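Quick caveat: nothing in here was measured; it's all calculated off a predicted structure. Here is the naming used below: chain letters follow the sequence lines, and residue numbers restart at 1 for every chain.
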Amino acid sequence: MDLDSFYAAVEEKRNPSIAGKPIVICVFSGRSADSGAVATANYKARELGIKAGVPIVAAKRLANEETVFLKNDIEYYRDVSERIMDLIEDECDALEQASVDEAYMDVTKKSSGIWENAEAIAIAIKNKIKEQEGLTCSIGIGPNKLVAKMASKAKKPDGLTVIRQEEVEKFLENLDIRKIHGIGSKTAESLNSLGIKTANQLAASDPLKLEEQFGKNKARLLQEKARGHDESPVEQKETQQISRIGTLKEDTRGQEIIFEKIKELAQGMKRKIEKKKVYFRTVGIIAIDTGLETQTRSETMAETDDINIALLCARHLLEKFLEENPKKRLRRVGIRISNLLYKKEQTSLGDFAQRYFTR
DNA sequence: CGACGTGTAAC
DNA sequence: CCTTTTACACGTCG
């Protein structure tokens, strides 16, 4: 289940006076008035060529008079998302929230394995979300997560696509490899260089040729995907890492300036550490230079939940990084913790479901 | 085998 | 002129 242009749809719902206009939800970086990028655009805005990832300045050039630009309000979107996830939880055997606007649902038992029943469940879910939150979503139904995911993209917005087991082959036939979940621009280009453009070509290609290019593991994975095979269970996963990244007012290698930013970012991370109730063993910094190249440094230590220890560690890593890169100025910095250990006896519903289904 | 850094991908 | 957050795989090193 994929909520249609979620952020934009939520804002449209929140303020009906903008309904029907092109709406652009922006992430402003704060470096200059319009620096930043588009997080989501509704379909009206997409008609103008404005879509996720486009720089805000470029979007403003594409916009017309009635286009509405809004700053993203993630807290608010999360609240709405949480209500929707609660809503659909009882419609399925297992729920896996994949992002704020996306979830996988296992309905094998609820549907008794009958496609028509699964379809009826999907319709019920769509109606529920429409009634309770006034939002539309696109749903894909398939024999596994991979096919369901691709089915959900087949018709949007407000779509419902069923791909039965016996229809998988037909669906994949002549499907552009770029449409396969997990194949991005780099992998697609690599495959194209081997003369592979469609899923059936990938499925039928020589495994040895693929291994040469990608290594054994990835080669096998690619062919599995091209055949619509996927055994991964629908299960809520525990967070593996928590990070915060931000843009500096200007490119700099001033240690104090950069560290001030890291301290600021760490506060957001602290809230999440407390909410998730985790200890961490690894602290890292993320450095993005003038040329937008990303580098990281990290260090592992005894477990702690103290943000000040993370900051101390980040300071060392930053010093080390600046010494090792005496020429570089930074554009963006981040802090990250990983190697997380969950404190026992979590109380939230999601955590309960998590434990319940991982037994 | 764990730690570390990079690349790719998706949202 | 160019955002944010997370996952995961792989190579390398000790």
Side-chain angles (χ1 to χ4, degrees), chain A residues 2-7 24-41 51-61 71-72 74 77-78 81 96-104 145-146 149-150 152-153 177-191 211 213-222 225 232 237-248 250-251 265 268-269 272 276 281-301 313 317 320-321 324-325 331-340:
Chain A
D2 198 308
L3 294 158
D4 299 321
S5 40
F6 182 53
Y7 295 178
V24 184
I25 311 302
C26 303
V27 182
F28 292 99
S29 70
R31 158 169 289 226
S32 66
D34 281 341
S35 63
V38 172
T40 312
K51 54 181 184 180
V54 172
I56 296 166
V57 270
K60 292 211 165 171
R61 286 196 291 266
K71 178 191 165 343
N72 74 340
I74 297 192
Y77 309 148
R78 264 198 248 284
S81 170
E96 175 180 333
Q97 185 168 356
S99 71
V100 70
D101 65 351
E102 229 184 274
Y104 291 100
K145 288 203 289 184
L146 174 67
K149 167 81 187 173
M150 295 192 290
S152 77
K153 289 189 179 174
I177 47 170
R178 254 334 291 275
K179 299 254 170 118
I180 298 174
H181 187 241
I183 298 186
S185 60
K186 301 284 184 177
T187 309
E189 215 168 300
S190 216
L191 287 167
E211 282 172 25
Q213 185 94 316
F214 300 102
K216 213 170 173 107
N217 218 333
K218 190 165 185 193
R220 185 174 41 76
L221 235 57
L222 285 172
K225 283 180 187 291
S232 65
K237 299 183 180 77
E238 283 187 329
T239 303
Q240 307 281 316
Q241 57 179 236
I242 299 167
S243 67
R244 288 293 180 271
I245 187 164
T247 303
L248 297 158
E250 53 199 18
D251 297 354
L265 293 164
M269 217 172 64
K272 185 129 176 203
K276 290 270 178 188
R281 286 194 54 218
T282 302
V283 177
I285 58 163
I286 302 150
I288 299 170
D289 66 24
T290 319
L292 292 177
E293 289 279 291
T294 301
Q295 281 175 284
T296 61
R297 291 290 182 276
S298 68
E299 195 170 55
T300 300
M301 55 200 189
C313 194
L317 292 167
K320 194 171 85 169
F321 179 84
E324 287 169 9
N325 298 276
R331 179 187 176 91
R332 308 175 60 212
V333 282
I335 180 167
R336 171 166 65 198
I337 57 167
S338 55
N339 242 312
L340 304 185

- Query: Of F214(A) and K272(A), whose closest DNA chain C nucleotide lies nearer the 5' terminus?
  - Reply: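 Final value for this comparison: K272(A).
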
- Measure from the side-chain heavy atoms of Q295(A) and tell me the nearest of dT6(B), dT3(C), dA9(B).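 That would be dT6(B).
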
- Message: I want to verify a distance call: between dG5(B), dT3(C), dC11(B), whose nearest atom is closest to the K320(A) side chain?
- Response: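 Comparing dG5(B), dT3(C), dC11(B) against the side chain of K320(A), the answer is dG5(B).
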
Give a yes/no on whether any side-chain N or O of [X] is located under 4.0 angstrom from OP1 or OP2 of [N].
X       : N       : result
N72(A)  : dT3(C)  : no
S243(A) : dT5(C)  : no
K153(A) : dA10(B) : no
R332(A) : dT4(C)  : yes
T247(A) : dT4(C)  : yes
R281(A) : dG2(B)  : no

At under 4.0 Å between heavy atoms, what does [X] touch on the DNA or RNA strands: base, sugar-phosphate, or nothing?
X       : value
L221(A) : nothing
K149(A) : sugar-phosphate
S298(A) : sugar-phosphate

